[in-house]
Q: 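The structure under discussion is supplied below as structure tokens; questions concerning it will follow.
Atoms considered below: every heavy atom in the structure, side chains included; atoms not considered: hydrogens, waters and symmetry mates. For clarity, every value in this text was computed on a predicted model and none was experimentally measured.
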Amino acid sequence: MELCVTSALIGISLYMVIQGLRFIFADADFTLLWASMMGSKPETELKGLVVWITGASSGIGEELAYQLAGCGSSLILSARRTDELNRVKLGCLKCSDLQDEDILVLPLDLLERESHDAKTKAAFQHFGRIDILINNGGRSQRSLFVETSVDVYQALMDLNFLGTVSLTKQVLLHMTQRGSGSIVTISSVAGLIGVPLSTGYSASKHALQGFFNSLRTELSDHPKILISTVCPGPVQSQVVQNAFTHTLEKSVSTAAGDQQHKMPTSRCVRLILVGMANGIKEMWIAQQPFLLLYYVWQYMPTLAWYLTNRLGKKRVDNFKAGLDADSAYFTKPKVKTP
């Protein structure tokens, strides 16, 4: 009897050690990582599907286009800059077997909500259907609340939240008629955790989380329609340069700095495609120590407040010192010399 108990304790201890080591090196939640190892492959599940990507001219949206092209998905590429969309289309054609007619460049401004009906009809006229809508378009923020115009908050909600809701409404009408489809929305760690210097951005992402969590339940009569939200942590991109500051007219004056501590965009996108292929409703994607914060916020909120306050102060100090706020967790603030 004692031998059985001892063996069981050893087995449990070994299991806990293995899981602890896995978590140390994890860059996504365990459900998503399990799907990446044992689940369906994007190359199989996404081949031949029509995917509409907003914000496709740079960053995560651009990388989504390249990897989806490699999977054999037909693409609708949308953003405001037509020349950049054409550049991305050319890159997709070079890295895949897709033909010119398999990729539609469809310029779109999320703020022009009155145009979304016509844009959706143009997409359907070209392909006849939309299997997946990826809501990736939007902008970030780098400013202190006490210094920021309310107009910036209005712009963030109009773009990140209402623009996404508007386009989703147009596409979802067709998906409910068909009875199938996927709405995948790129949220953020800021959609789950309060992030200093990004109060408006965080509010818009929290709004998206609440909206799509509620919408998912409304669609219980349509079990073949997937509502999925993606919550990436810091990812290598130009999101900082495009961020709002304290006024609508002023852009970020500092460069993004060293991004080696951030997750490579290609890895983030691969995990997103794995989640899409396996029908995962919410994806946490981040390197450590950010991934740990997701779990602490979920299961130990009191500790989360303590850690967030400590790390948040460091982020604000870096910002006031003129450094890249996103590197706050890896560098010490320096006082600017005259």
Side-chain angles (χ1 to χ4, degrees), residues 19-47 51 53-73 75 77 88 91-92 94-96 132 134-138 140 182 184-193 195 205 228-242 256-295 324 326-330:
Q19 294 303 317
L21 290 173
R22 285 184 63 202
F23 186 73
I24 290 172
F25 296 101
D27 57 3
D29 64 84
F30 284 145
T31 301
L32 184 53
L33 289 179
W34 178 260
S36 70
M37 293 185 294
M38 306 299 294
S40 301
K41 300 302 180 185
E43 290 79 6
T44 301
E45 298 298 321
L46 304 180
K47 183 178 177 62
V51 184
I53 309 169
T54 66
S57 61
S58 63
I60 290 176
E62 179 177 352
E63 183 64 23
L64 278 165
Y66 296 146
Q67 292 198 27
L68 282 165
C71 291
S73 303
L75 300 173
L77 305 178
V88 174
C92 290
K94 288 182 177 179
C95 72
S96 71
I132 302 174
I134 303 181
N135 290 311
N136 174 68
S140 186
S182 297
V184 180
T185 301
I186 310 300
S187 180
S188 168
V189 60
L192 301 173
I193 300 170
V195 178
K205 294 299 185 178
S228 179
T229 52
V230 184
C231 302
V235 174
Q236 295 174 10
S237 72
Q238 301 304 311
V239 66
V240 175
Q241 285 87 331
N242 297 325
D258 183 13
Q259 298 198 50
Q260 292 304 307
H261 59 276
K262 299 180 182 180
M263 176 180 283
T265 311
S266 58
R267 172 60 177 170
C268 177
V269 167
R270 177 62 186 181
L271 289 168
I272 293 172
L273 298 192
V274 167
M276 290 165 54
N278 289 276
I280 295 178
K281 295 180 175 64
E282 183 168 289
M283 311 176 210
W284 298 353
I285 301 173
Q287 294 176 329
Q288 300 291 12
F290 299 99
L291 184 63
L292 175 62
L293 279 177
Y294 288 74
Y295 280 93
D324 175 22
D326 286 341
S327 65
Y329 311 106
F330 302 90

Q: Begin with the C-alpha distance, continue with both residues' side-chain angles, and end with the deciding distance and a verdict on side-chain contact (heavy atoms from CB on, under 4.5 Å) for M283 and L271.
A: CA-CA 9 Å; M283 311 176 210; L271 289 168; over 6 Å; no
Q: For L33 versus A28, what's the shortest heavy-atom pair and its separation?
A: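 The answer is CD1-O, 3.3 Å.
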Q: Could you check whether any side-chain heavy atom of R270 comes within less than 4.5 Å of a side-chain heavy atom of P42, counting everything from C-beta outward?
A: yes
Q: Mind checking the CD1-CG spacing from I134 to L273? Nearest 0.5 Å is all I need.
A: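 So the gap between those two atoms works out to 7.0 Å.
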Q: Applying the side chain to side chain contact (heavy atoms under 4.5 Å, CB included) test to I186, which of S228, C231, P232 qualifies?
A: P232
Q: Is the backbone N or O of I53 less than 3.5 Å from a side-chain atom of N136, with the two atoms forming a donor-acceptor pair by type?
A: no
Q: How far apart are the closest heavy atoms of A69 and C95, and which atoms are they?
A: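 So the minimum-distance heavy-atom pair works out to CB-SG, 4.5 Å.
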Q: Between I285 and C268, which heavy-atom pair has the shortest distance, and what is it?
A: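 Smallest heavy-atom distance, with atoms named: CD1-O, 3.9 Å.
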Q: Would a distance-only check, ignoring hydrogens and angles, find a side-chain to backbone donor-acceptor pair under 3.5 Å from S73 to L46?
A: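 Pair found, side chain donor or acceptor close to backbone of L46.
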Q: With the side chain counted from C-beta on, respond yes when V189 and W284 share a heavy-atom pair under 4.5 Å apart, and no when they do not.
A: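 No; the side chains remain at least 4.5 Å from each other.
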Q: L75 vs L68, test: side-chain contact (heavy atoms from CB on, under 4.5 Å). Steps then yes/no.
A: CA-CA 8 Å; L75 300 173; L68 282 165; 3.8 Å; yes
Q: Would you name the heavy atoms of Q287 and P264 that are closest together and state the gap between them?
A: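 The answer is NE2-CD, 3.9 Å.
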Q: Hey, does the side chain of E63 reach the backbone of S266 with a donor-acceptor pair shorter than 3.5 angstrom?
A: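 Pair absent, no side-chain N/O of E63 close to backbone of S266.
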Q: Evaluate whether atom CE of M37 has more than 12 neighbouring non-hydrogen atoms of other residues, nucleotides or ligands under 6.0 angstrom away.
A: yes
Q: How many angstroms lie between CD1 in I24 and CG in L291, if you round to the nearest 0.5 Å?
A: 12.0 Å
Q: Grab the two heavy atoms, one from K41 and one from S36, that are nearest each other, plus how far apart they are.
A: NZ-O, 3.2 Å
Q: Could you tell me if the side chain of S140 sits less than 4.5 Å from the side chain of N242, heavy atoms only?
A: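 When only atoms from C-beta onward are counted, S140 and N242 do not touch, as no gap falls below 4.5 Å.
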Q: Working to the nearest 0.5 angstrom, can you tell me the gap between S96 OG and Q67 CD?
A: 12.5 Å
Q: Using 30° and 60° as the class boundaries, would you call the ring planes of Y295 and F30 parallel, tilted or perpendicular?
A: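 Rings of Y295 and F30: tilted, as their planes differ by 30° to 60°.
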Q: Less than 4.5 Å apart, side chain to side chain, heavy atoms only: is that true for I60 and V230?
A: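 Not in contact.
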Q: Might you point out which heavy atoms bring A35 and I280 nearest each other, and give the distance in Å?
A: CB-CD1, 3.9 Å
Q: To the nearest 0.5 Å, what is the distance between NZ (K281) and OG1 (T229)?
A: 11.0 Å
Q: Roughly how far, to the nearest 0.5 Å, is the OG1 atom of T185 from the NZ atom of K205?
A: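 K205 atom NZ to T185 atom OG1 measures 8.5 Å (nearest 0.5 Å).
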Q: Rounded at 0.5 Å granularity, tell me how far OG1 in T31 sits from CG in N278.
A: 10.5 Å
Q: Got a donor-acceptor contact below 3.5 angstrom from the D27 side chain to the A286 backbone?
A: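 No; zero donor-acceptor contacts below 3.5 Å.
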